[in-house]
Amino acid sequence: MAATIAEEVSQTSQKRPVYMDYQATTPTDPRVLEAMLPWFTEQFGNPHSRSHSVGWQAEEAVEGARRQVASLIGADPREIVFTSGATEAGNLALKGAAYYHRGRKDHIVTCVTEHKCIVETVAQLEREGFSATVVPVGTSGRVYPQAIADAITPRTLMVSVMAANHEIGVLQPLSEIGRICRERDVLFHTDAAQAFGKIPIDVGSMALDLVSLSGHKVYAPMGIGALYVRRRPRVRIAPLFSGGGQERGMRSGTLPTPLCVGFGAAAEIAAREMDDEAERLRGLRDRFLSAVQLIAPDVRINGDMEHRLPGNLNLSFVGVDGEGLMARLSDIALSSGSACTSASLEPSYVLHAIGVEDELAHNSIRFGFGRFTTDEEVDFAVRRIAEEISGISSCRS
Ligand SMILES: *Cc1c(COP(=O)(O)O)cnc(C)c1O
């Protein structure tokens, strides 16, 4: 039964466009799906039911998943709070800490390229009377640790800087920032939605106090994530939900056993395969980039190439309308650096922050490579770009 569904999923996916949008989401790994299935139907207990073995078994499964997730970031399982994803985790980290410390410390330091779930959470906290300093990044997309240090004041409660950027894949200098925060007695939160399971994250050596994680970026399903909350020295956060006091009082609500199990299985697989996978993805990415540079010599790379997720490229095609190119590449699932197709005509704030002019930002495309990307798919994408690029005119602006 389990194998049948997993097989069906992989068969249907073969008829879809070539998927090159792994920073938007990842497919659930069939091994993850298989681990999840019994927890929907056969072992469906409420993990918080204390009075019978149906509940105990679910609880055991959830606790196993908690250990698997914790292990991948060098944490204690008791430091993992399951959430619905990284958006909820980021909200819980920032609002939870802000509300807990209200009246004592009220200033947050963050950086300009953060994901909307952090940007908008900080904006909401500002409307509620907290203050924030948004530190710029260099043209490489990296934040200067010294700029973080300079922004910290005696009122600073927390620094929040992401591990890896969702658009340009750039990795931030977490260890350096962690050291600064520890010295200044400031909490350090990182949004590791893109980094978890792709690059090593260690809460000890990086001096992390709070870490937001997402399942669906790491081959687990949508709707599950976690917040790491340091126990020693203890990090205190106010809960955002009122309820049964699950997750040590920090996140009330019945845990979704199948999703937790899936997230744990995904973490376990990543722990085993991360190094080899990173090497393979770097190979695919470099193969793709060299080929594209031959077809389009005027292509610009957005973001640092050295400190970067192995499976990410963000390219601006000079003189080529990125939206038009993407529209013609409908057999490849891609994401652009502009929101031309949505209600807003604003180019990406991340590209803007690294100094890419609006026209080039509109002409940028994010290429995401992942676990199921093949050599053939990469070559197909290169061929299709070569075909389309000649017939494309310049972007209106
Ligand atoms: C996807 C993503 C999020 C949001 O995660 P969800 O689990 O979808 O809420 C947050 N931050 C970054 C960097 C992401 O890539």
Side-chain angles (χ1 to χ4, degrees), residues 19-28 32 65 69 72-73 80-96 110-124 134 137 141-143 160-172 174 177 189-199 201 208 210-228 240-241 251 253 255-256 259-260 262-264 266-267 270 302-304 307-314 333-337 348-351 353-354 366-370:
Y19 189 73
M20 290 206 169
D21 203 11
Y22 276 83
Q23 275 80 55
T25 193
T26 61
T28 300
V32 168
V69 170
L72 190 50
I73 57 170
I80 300 297
V81 173
F82 284 116
T83 65
S84 61
T87 299
E88 188 193 328
N91 272 262
L92 181 55
L94 271 65
K95 290 177 183 166
T110 184
C111 106
V112 64
T113 55
E114 293 294 303
H115 189 271
K116 285 285 183 196
C117 71
I118 302 301
V119 173
E120 293 302 324
T121 298
V122 170
Q124 175 60 27
V134 181
V137 295
R142 298 192 96 207
V143 65
S160 184
V161 173
M162 69 200 323
N165 186 269
H166 47 295
E167 289 190 33
I168 52 178
V170 169
L171 311 181
Q172 297 295 0
L174 296 188
I177 299 170
H189 167 255
T190 195
D191 170 358
Q194 291 290 343
F196 182 69
K198 318 287 172 55
I199 58 160
I201 297 285
L208 292 160
L210 295 152
V211 182
S212 294
L213 307 174
S214 175
H216 74 96
K217 305 290 173 73
V218 66
Y219 310 99
M222 294 164 179
I224 186 71
L227 179 65
Y228 160 81
L240 301 183
F241 298 172
R251 203 277 195 175
L255 286 175
L259 299 182
C260 295
F263 194 24
N302 298 313
D304 197 297
H307 304 279
R308 193 184 197 103
L309 285 176
N312 171 275
L313 257 189
N314 190 302
L334 290 166
S335 171
S336 83
S348 145
Y349 66 96
V350 172
L351 294 179
I354 64 169
R366 177 180 72 184
F367 297 91
F369 310 94

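Just so you know, ligand 1 is whichever comes first in the structure, and atom 1 is the first atom listed for that ligand. Not measured: the values here are computed from a predicted model.
Remark: side-chain polar atoms of Thr26 are paired, donor with acceptor, to backbone N or O of His216 under 3.5 angstrom. Between the side chain of Asn314 and the backbone N or O of Glu167, at least one donor-acceptor pair lies under 3.5 Å. Remark: side-chain polar atoms of Arg142 are not paired, donor with acceptor, to backbone N or O of Val170 under 3.5 angstrom.
The line from CG of Leu174 to CE of Met162 is 10.5 Å long, rounded to the nearest 0.5 Å. For the atom pair CG (Leu210) and CG (Asp191), the distance works out to 12.0 Å, reported to the nearest 0.5 Å. Taking CG of Leu309 as the reference point, atom CG of Leu171 lies at 5.5 Å (rounded to 0.5 Å).
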- With side-chain hydrogen bond (donor to acceptor under 3.5 Å, both in side chains) as the test, would you mind laying out the steps for Asn91 and Thr121 before giving the verdict? CA-CA 6 Å; Asn91 272 262; Thr121 298; 3.3 Å; yes

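At a heavy-atom distance under 4.0 Å, only side-chain atoms of His216, from C-beta outward, approach ligand 1. When non-hydrogen atoms are compared, ligand 1 lies under 4.0 Å from the side chain of Lys217 (C-beta onward) but not from its backbone. The part of Asp191 lying near ligand 1 is the side chain, judged by heavy-atom distances below 4.0 Å. Both the backbone and the side chain of Ala86 come within contact range of ligand 1, each with a heavy atom under 4.0 Å.
Relative orientation of the His115 and His166 rings is perpendicular, given thresholds of 30° and 60° on the angle between their planes. In this structure, Phe367 and Phe369 have parallel ring planes: the angle between them is below the 30° cut-off, well short of the 60° mark.
Checking only distances, Ser84 never comes within under 3.5 Å of ligand 1, N or O to N or O.
The atoms of ligand 1 that sit less than 4.0 Å from any heavy atom of Ala193 are 2 (C), 3 (C), 10 (C), 11 (N), 12 (C), 14 (C). Contact atoms of ligand 1 toward Cys117: 10 (C) (distance under 4.0 Å to a heavy atom of the residue). Listed by atom number, the atoms of ligand 1 under 4.0 Å from His166 heavy atoms are 13 (C), 15 (O). Ligand 1 places these atoms under 4.0 Å from at least one heavy atom of Met162: 13 (C). If you number the atoms of ligand 1 from 1 as listed, the ones under 4.0 Å from a heavy atom of Gly85 come out as 7 (O).
Nearest non-hydrogen protein atom to atom 7 (O) of ligand 1 is Ser214 OG, 2.7 Å. Nearest to atom 4 (C) of ligand 1 among the protein's heavy atoms is Thr87 OG1, 3.5 Å.
Residue contacts with ligand 1 leave out Gly225, since none of its heavy atoms falls under 4.0 Å from the ligand.
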